[in-house]
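Below is one structure; the comments refer to it alone.
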Amino acid sequence: MFNLNFLVALPILYLIYLISLAIYRIWFHPLSGFPGPKAAAVSEYWEGWWNIWPHKGGCLFELERLHKIHGGAVRMGPNEIHVSDPRYYHELYRLGSKYYKDPEMHKVLGAPSSTVAETDPILHKVRRSALEQLFSRQSILKLESMLIGKIERWSNKLEENFKAGKPVAMEFALKSLTMDMVTTFSFGQEFGAVEDPEFMSIPVRLFRNYLMSLHIIKAFPFVKLLQKLPYFIAKHISPSVEMGRYLEELSSDHIDTFVKKWNNGDKPSFPTVLGRLLTPNEEKGFQVPSKQGIKDEVITLVSAGNDTTGITSMVGLFQILKNQKIHDRLLAELKTILPNVDSIAPYQELEKLPYLTACIKESLRYASAAASRTPRLVPPGGIYLPDGRFVPAGTRIGMAIYLIHYNPDLFQNPNTFDPERWLKDPTEIALQNKFLVPFSKGSRACLGINLAHMELYTIMAYLIRRHDLRIHNTTDKDMEWWDMVIPEFKGTFKAWTSLRAE
Ligand code: HEM
């Protein structure tokens with residue numbers, strides 16, 4: 001009898017608790033003065049509602065809509081504010097900032113011993129400083145001939161496809177190229193993604209699927225446990241788990257091969273992530289990580305550096321091909337330093353080309369490959385937003401790069417791909433430069449910025465110079481995207497990729 005009463009009372013008590021919590025969160029919580037949907041004030045799952053089901057990758061666009069109604073700060077969770085006011089961007093994301101990443105949010109993402117996932121500011125500094133020199137401009141310049149070699153082989157593959165009468169899915173072709181670039185830089189040896197006839201190798205598909213599953217993992221962290229199930233069960237539950245295991249083994253093999261060669265004095269002729277990790281530095285307090293630590297670092301670097309660069313070049317390329325004037329002007333400029341189809345020019349010369357530079361900047365803005373917010377925690381003592389509103393300590397707060405790049409007060413006609421905006425009035429350009437933030441800013445800004453730039457310049461320059469590219473059956477509608485941590489495009493951008501005669 002007692003048990004029965006207890007069993008009936010329990011759900012009722014729980015319901016009362018939930019209702020009280022909802023009332024507190026909506027009307028009495030310190031963030032209750034911020035506008036936003038009631039559902040967001042009540043539950044973290046508001047984000048999942050927009051990103052997972054019944055909508056897909058839509059939270060970013062819903063935030064855009066809410067900011068239009070409510071202004072620069074919107075409550076998007078019981079303890080989270082989203083800000084779109086650009087005056088606050090360089091306060092939130094700056095060097096020496098006391099806004100740290102939220103461990104609760106990042107612990108679900110895995111690879112705990114990597115620079116990307118480290119939330120403790122002191123440990124992060126140690127990890128990051130171990131890699132900083134490797135990613136410096138001087139070091140990245142040494143990758144130039146390796147990168148160009150990859151582009152040449154890839155360019156031959158594009159031509160083979162053309163001769164075989166097959167248009168190429170450019171997202172996968174470009175991601176295969178960036179995959180081979182970043183894996184060679186990481187492991188001293190590529191994954192061979194460009195060799196796949198459809199450019200759909202397992203690593204390329206896997207990283208894309210992994211990033212896209214992050215919304216689900218964030219909302220339902222137990223999904224991560226699938227990876228802990230015995231392989232023979234897990235592979236029947238999810239193809240991603242099966243591919244994940246394959247990738248683990250592939251990475252493990254690459255690490256073993258590298259270590260063996262390294263210990264025998266057989267070292268790559270260019271800087272590599274593994275080479276860096278295997279070199280201790282007592283002065284800086286840097287020790288060689290465990291094998292798991294090495295794997296975490298390298299896999300997250302590949303993940304951070306592959307899709308982002310692939311997507312930026314693909315989006316830029318589509319826009320350039322769509323607009324004959326932009327394409328022809330760029331080609332004419334490239335011919336000034338690449339007179340023949342197979343000419344090579346030093347990267348430092350490519351960087352000096354004003355129109356190519358304008359096209360790269362505009363691609364970074366327009367693609368906004370890391371579009372959504374990267375939240376931080378408000379430091380002790382709380383902060384004041386530019387409009388004077390107070391946000392208490394411990395609140396999660398973030399700003400989406402996409403909303404900065406598509407803010408019409410900063411970039412006129414933001415929905416138009418317009419390289420010209422980077423060549424006009426110097427005052428306007430200075431403001432735009434300040435708010436061109438595809439790599440974020442501050443202590444947690446992208447470590448791979450120099451590598452990403454070198455990839456974007458070389459890919460764009462040699463691709464446009466060598467190939468007479470034609471868009472095949474692709475419209476603006478195909479290039480619309482869902483925000484799945486990285487953009488997932490609604491259609492496929494295909495192109496004919498014949499080599500130019502001259
Ligand atoms: C166009 C290409 C790229 C874009 C748009 C991009 C964007 C970003 C952004 C916005 C962040 C900050 C994330 C945050 O605040 O949590 C970031 C971090 C990072 N990126 Fe990139 N990235 C690109 C290419 C690369 C490449 C090529 C690499 C290396 C192979 C790389 C490695 C990293 C790493 C290691 C971090 C974490 C830095 C830290 O937490 O200290 N990225 N990236």
Side-chain angles (χ1 to χ4, degrees), residues 89 92-95 97 99-103 105-106 109 111 113-132 134-136 139-140 143 147 174-175 177-187 207 211 214 271-274 276-277 296-316 360-377 396-402 404-405 436-460 485-487:
Y89 192 87
L92 180 58
Y93 304 106
R94 68 177 161 82
L95 282 176
S97 159
Y99 292 86
Y100 300 137
K101 286 196 173 181
D102 179 1
M105 195 159 172
H106 281 268
L109 304 181
S113 51
S114 67
T115 307
V116 180
E118 184 58 72
T119 54
D120 180 291
I122 298 177
L123 288 178
H124 170 257
K125 208 169 171 189
V126 174
R127 286 194 201 294
R128 188 168 164 121
S129 66
L131 293 171
E132 252 159 5
L134 174 77
F135 280 92
S136 67
S139 165
I140 294 300
L143 299 178
L147 298 188
L174 284 158
K175 283 184 179 175
L177 174 62
T178 55
M179 170 69 75
D180 281 352
M181 287 172 163
V182 76
T183 48
T184 307
F185 171 57
S186 301
F187 299 96
F207 278 108
L211 289 171
L214 285 180
T272 57
V273 177
L274 283 184
R276 180 70 204 90
L277 294 179
D296 278 1
E297 192 66 276
V298 182
I299 292 184
T300 49
L301 278 175
V302 174
S303 166
N306 177 47
D307 289 84
T308 42
T309 324
I311 283 172
T312 305
S313 45
M314 183 205 45
V315 169
I360 303 282
K361 280 181 157 182
E362 188 62 351
S363 302
L364 283 162
R365 182 195 72 82
Y366 198 85
S368 295
S372 37
R373 77 200 191 284
T374 51
R376 305 285 189 259
L377 292 177
R396 220 188 257 163
I397 193 159
M399 295 182 74
I401 289 170
Y402 164 81
I404 296 289
H405 287 171
L436 180 67
V437 289
F439 300 101
S440 189
K441 290 280 171 185
S443 331
R444 302 301 303 244
C446 181
L447 193 54
I449 184 167
N450 292 315
L451 176 59
H453 272 122
M454 191 188 245
E455 290 185 26
L456 293 172
Y457 271 87
T458 49
I459 291 174
M460 206 61 101
V485 179
I486 51 157

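Just follow the structure's listing: the first ligand is 1, and inside any ligand the first atom is 1.
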* Hey, are the side chains of Asp102 and Arg376 touching, using non-hydrogen atoms and a 4.5 Å cut-off? -> no

* Hey, is Lys101 one of the residues with a heavy atom under 4.0 angstrom from ligand 1? -> yes

* Taking atom 22 (N) of ligand 1 as the point of reference, which of Cys446, Ser363, Gly398 owns the nearest heavy atom? -> Cys446

* Structure fact -> Within the 4.0 Å heavy-atom cut-off, what Val182 brings close to ligand 1 is side chain

* Does ligand 1 have any atom sitting under 4.0 Å from a heavy atom of Ile449? -> no

* **atom 37 (C) of ligand 1: the protein heavy-atom neighbour that sits closest, reported with distance to 0.1 Å** => Val116 CG2, 3.9 Å

* Min side-chain heavy-atom separation Arg128-Glu118 under 4.5 Å -> no

* Does ligand 1 have a heavy atom under 4.0 Å from the side chain of Phe135, from its backbone, from both, or from neither? -> side chain

* Where is the nearest protein heavy atom to atom 26 (C) of ligand 1: which residue, which atom, and how far? -> Gly305 CA, 3.3 Å

* Quick check, are the ring centers of Phe185 and Phe135 under 6.0 angstrom apart? -> yes

* In the protein, which heavy atom is nearest to atom 14 (C) of ligand 1, and how far is it? -> Thr374 CG2, 3.4 Å

* Does Ser186 approach ligand 1 within less than 4.0 angstrom via side chain, backbone, both or neither, non-hydrogen atoms only? -> neither

* **Contact partition for Thr312 relative to ligand 1, non-hydrogen atoms under 4.0 Å** => side chain

* **Contact check, Arg127 vs ligand 1, heavy-atom distance below 4.0 Å** => no

* **Residue, atom name and distance, where the atom is the protein heavy atom closest to atom 12 (C) of ligand 1** => Arg444 O, 3.5 Å

* Structure fact -> If we number the atoms of ligand 1 from 1 as shown, the ones under 4.0 Å from a heavy atom of His124 are 39 (C), 40 (O), 41 (O)

* Structure fact -> atom 24 (C) of ligand 1 has as its nearest protein heavy atom Thr308 OG1, 3.5 Å

* Any nitrogen or oxygen of Thr309, main chain or side chain, under 3.5 Å from a nitrogen or oxygen of ligand 1? -> no

* Asked: How does Arg376 reach ligand 1, by side chain, by backbone, by both or by neither, if only non-hydrogen atoms under 4.0 Å count?
  -> side chain

* Asked: Between Thr178, Asp180, Thr183, which is the residue that forms a side-chain hydrogen bond (donor to acceptor under 3.5 Å, both in side chains) with Asn306?
  -> Thr178

* Structure fact -> Atoms of ligand 1 under 4.0 Å from any heavy atom of Leu301, numbered from 1 in the order shown, are 30 (C), 35 (C)

* What do you reckon, does Glu455 have a nitrogen or oxygen under 3.5 Å from a nitrogen or oxygen of ligand 1? -> no

* To do: Could you tell me the residue and atom name of the protein heavy atom closest to atom 36 (C) of ligand 1, and the distance to it rounded to 0.1 Å?
  => Leu447 N, 3.9 Å

* To do: Among all protein heavy atoms, pick out the one at the shortest distance from atom 5 (C) of ligand 1; state its residue, atom name and that distance to 0.1 Å.
  => Pro438 O, 3.5 Å

